[in-house]
Amino acid sequence: MDEVIRKRLLIDGDGAGDDRRINLLVKSFIKWCNSGSQEEGYSQYQRMLSTLSQCEFSMGKTLLVYDMNLREMENYEKIYKEIECSIAGAHEKIAECKKQILQAKRIRKNRQEYDALAKVIQHHPDRHETLKELEALGKELEHLSHIKESVEDKLELRRKQFHVLLSTIHELQQTLENDEKLSEVEEAQDESMETDPKP
């Protein structure tokens, strides 16, 4: 960029093209004022008109460029505002999408938990079947309780009978022992009577 400006300054000499034209116009005006002949004055006059036309054209071109730059700046401002609005809208959409993502993650987690619970529940019978099983188990428990009571009653009866039997056996044994003792006593008496002489 600096190299381009340097070259333009070297080519223009006195500066930009407009400054050079104005300087040439002033010089032409001075020459026209100091011109001696009418032909030379007319040629200087034509040159001045040509230079003025070039200056007016350049000035008009500069004004048009200036207006165009203003319109471009307004357009850029408008585009900048639109971009700012778009960026703000994008930020809002991003925030909304983040909320939706969090909600979707929560829903997915809940669904996974529901699926896990459903699998666990499927392994167990439903309430109706469970109540039926509980009712059947209650009846079976009641039946077993009756059986237990009956067995306990029989066991108590057998215990009493066994006790009576043991008592009877004991009495029988005592009676046998007594009988055996009596037999021994009688035998002893018989023997003693046999050994005693008769009178």
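Side-chain N or O atoms of Thr175 include one that pairs as donor or acceptor with a backbone N or O of Glu171 at under 3.5 Å. Formation of a donor-acceptor pair under 3.5 Å by the Asn75 side chain with backbone atoms of Arg71 is not found in this model.
Considering only residues two or more places apart in sequence or on other chains, Glu133 meets the side-chain hydrogen bond (donor to acceptor under 3.5 Å, both in side chains) condition with none of them. In this view, Glu84 and Tyr80 satisfy the side-chain hydrogen bond (donor to acceptor under 3.5 Å, both in side chains) rule, not counting sequence neighbours. For Glu129, the side-chain contact (heavy atoms from CB on, under 4.5 Å) partners at least two apart in sequence or on another chain are Pro125, Asp126. Listed by chain and residue number, Glu156 satisfy the side-chain hydrogen bond (donor to acceptor under 3.5 Å, both in side chains) test with Arg159 (two or more places apart in sequence, or in another chain). Residues forming a side-chain contact (heavy atoms from CB on, under 4.5 Å) with Leu176 (at least two apart in sequence, or on another chain): Leu172.
Asn69 contributes atom CG, which lies 11.0 Å from atom CG of Leu64 (distance to the nearest 0.5 angstrom). Here NE2 of His170 is found 13.0 Å from CG of Leu165. Values are rounded to the nearest 0.5 Å. Note: Thr168 OG1 to Phe162 CZ = 11.5 Å, rounded to the nearest 0.5 Å. Taken to the nearest 0.5 Å, the CG atom of Leu141 stands 13.5 Å off from the NZ atom of Lys139. Gln174 contributes atom CD, which lies 12.5 Å from atom OG of Ser167 (distance to the nearest 0.5 angstrom). We find the NZ-CE distance between Lys61 and Met68 to be 10.5 Å, quoted to the nearest 0.5 Å.
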Problem set entry | Stepwise side chain to side chain contact (heavy atoms under 4.5 Å, CB included) test for Glu142 and His146 | CA-CA 6 Å; Glu142 187 178 351; His146 289 310; 3.8 Å; yes
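Contact of the Glu74 side chain with the Glu77 side chain is not registered, since no non-hydrogen atoms from C-beta on lie closer than 4.5 Å.
Identified under the salt bridge (charged side-chain N to carboxylate O under 4.0 Å, His left out) test for residues 95-120, with sequence neighbours left out: none.
A single hydrophobic cluster is seen to contain both Ile79 and Ile87, as judged by linkage of ILVMFWY side chains at heavy-atom distances under 4.5 Å, directly or through other members.
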